[in-house]
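To start, the structure itself, in structure tokens.
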There are 2 protein chains.
Amino acid sequence: MSKATIEMDKASAILKLLGDKTRLTMMKLLDKHDCCVCEFVEIFKTSQPSISQHIRKLRDLGLIKEERRGQWIFYSMNKSHEHYPFVQEILKHLPNQDDKLRELEEQGTRITCC
Amino acid sequence: MSKATIEMDKASAILKLLGDKTRLTMMKLLDKHDCCVCEFVEIFKTSQPSISQHIRKLRDLGLIKEERRGQWIFYSMNKSHEHYPFVQEILKHLPNQDDKLRELEEQGTRITCC
DNA sequence: TAATTATATAATGATTTGCTTATATGAACA
DNA sequence: TGTTCATATAAGCAAATCATTATATAATTA
């Protein structure tokens with residue numbers, strides 16, 4: 001029997017995390033691309049600890065996965081999360097954020113770092 | 001031309017409001033029923049000012065409408081809000097909350113008040 | 001093995017949030 | 001017209017949030 005609905009506690013916790021512009025943009029990006037911390041630092045023009053803390057919240061809820069590749073740690077959407085369909089539905093309504101990654105590529109920042 | 005996506009600022013602001021269990025439940029209820037403040041006070045077992053403040057936030061973003069009916073002020077979903085489809089999509093994933101209103105009816109609280 | 005790079009965690013502080021109590025407003029009714 | 005009822009607003013406070021700086025950890029490279 002498939003899970004049609006989410007408990008209210010779970011739903012509000014997820015929405016709370018997505019209710020921050022930085023995290024919401026991260027999630028939109030992660031839905032299509034794996035990213036590492038240094039890329040987010042570049043994109044959001046903020047400190048590395050700040051990014052790490054946003055990531056931790058998303059990871060604590062299991063929404064994203066972590067994978068070390070050598071020196072770097074890559075994050076990706078956890079598409080097998082119980083409530084990924086819910087998250088995906090939300091992300092679908094948001095404008096594509098790929099321009100942010102394209103900027104990095106143009107700067108060479110993407111390649112340099114990861 | 002229909003608006004397919006929401007600006008990130010707008011989306012995160014909406015999600016932030018929905019990221020609170022009380023407001024999320026209110027919205028789920030309001031999607032099907034008009035309610036007045038006193039009903040919410042009963043349902044959420046909290047103070048009237050607390051409910052009023054949650055309502056104000058939802059109203060400030062234009063997500064709900066206010067209508068005075070004599071002594072009472074009724075709130076309802078603003079279904080013509082630019083981003084109502086987005087909100088509705090989210091609410092669709094949540095469990096029905098009608099039992100909360102049914103309880104009020106059984107207590108007589110719903111009828112008494114409104 | 002020492003220095004560097006990428007990231008996480010800890011500690012701190014300013015801001016925001018969400019509640020509470022107290023008070024104001026506005027309609028209804030006796 | 002004064003009292004009551006429903007709601008809003010104001011003020012105050014504790015807890016949560018989000019950034020920052022400082023430090024720790026773990027892999028890489030010289």
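Quick note on labels: first sequence line is chain A, next is B, and so on, each numbered from 1. Values reported hereafter were calculated over all heavy atoms of this structure, with side chains retained and with hydrogens, waters and symmetry mates removed.
- Residue Glu67(A) contributes atom CD, which lies 18 Å from atom P of dA6(C) at whole-angstrom precision.
- In this structure, the CD atom of Gln71(B) is 18 Å from the P atom of dT25(C), given to the nearest Å.
- Counting any heavy atom pair closer than 4.0 Å across all strands shown, Lys57(A) reaches sugar-phosphate atoms only and no base atom.
- Between Arg69(B) and Asp34(B) a salt bridge is recorded (basic side-chain N to carboxylate O distance below 4.0 Å).
- Straight-line distance from the CZ atom of Phe74(B) to the P atom of dA8(D): 12 Å, rounded to whole Å.
- Checking Gln48(A) against Lys16(A), the closest nucleotide of DNA chain D that is more toward the 5' end is the one next to Lys16(A).
- Between Lys16(B) and Asp20(A) there is no salt bridge, since no side-chain nitrogen of the basic residue lies less than 4.0 Å from a carboxylate oxygen of the acidic one.
- Across all strands shown, Arg69(A) has no heavy atoms under 4.0 Å from either base or sugar-phosphate atoms.
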**Q.** Test log, rule side-chain contact (heavy atoms from CB on, under 4.5 Å), inputs Leu63(A) and His81(A)
**A.** CA-CA 6 Å; Leu63(A) 297 177; His81(A) 187 282; 3.9 Å; yes

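- Counting only heavy atoms from C-beta on, Ile73(B) has its side chain closest to dT7(D) among dT7(D), dA8(C), dT7(C).
- Between Thr46(A) and dT20(D), a side-chain N or O to OP1/OP2 separation shorter than 4.0 Å is present.
- In this structure, the NZ atom of Lys21(B) is 15 Å from the P atom of dG18(C), given to the nearest Å.
- At dC19(C), one or more side-chain N or O atoms of His54(B) fall inside 4.0 Å of OP1 or OP2 (strictly under the cut-off).
- As a whole-Å value, the separation of Glu66(B) CD from dA27(C) C1' is 14 Å.
- Residue Ser47(A) places its side chain closer to dT21(D) than to any other of dT20(C), dT21(D), dA8(C).
- Regarding contacts with the backbone of dC19(C), a side-chain N or O of Ser50(B) is found under 4.0 angstrom from either OP1 or OP2.
- Rounded to an integer number of Å, the gap from Trp72(B) CH2 to dC29(C) P is 7 Å.
- Remark: Arg56(B) is not in phosphate contact with dT7(D), judged by side-chain N or O atoms under 4.0 Å from OP1 or OP2.
- Among dT21(D), dT7(C), dA8(D), the nucleotide with an atom closest to any side-chain atom of Pro49(A) is dT21(D).
- Rounded to whole angstrom, the span from the CD1 atom of Ile55(B) across to the P atom of dC19(C) amounts to 12 Å.
- Distance CZ (Phe44(A)) to C1' (dC18(D)): 14 Å, rounded to an integer number of Å.
- Between Tyr75(B) and Arg68(A), it is Tyr75(B) whose nearest contact on DNA chain D lies nearer the 5' terminus.
- For the residue pair Asn78(B)/Ser76(B), the side-chain donor-acceptor check at 3.5 Å is not satisfied.
- With hydrogens and angles ignored, no donor-acceptor pair closer than 3.5 Å exists between the side chain of Gln53(B) and the base of dT7(D).
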Q.
Between His83(A) and Glu7(A), does the side-chain contact (heavy atoms from CB on, under 4.5 Å) criterion hold? Intermediate values first, please.
A. CA-CA 10 Å; His83(A) 299 310; Glu7(A) 324 82 81; 3.8 Å; yes

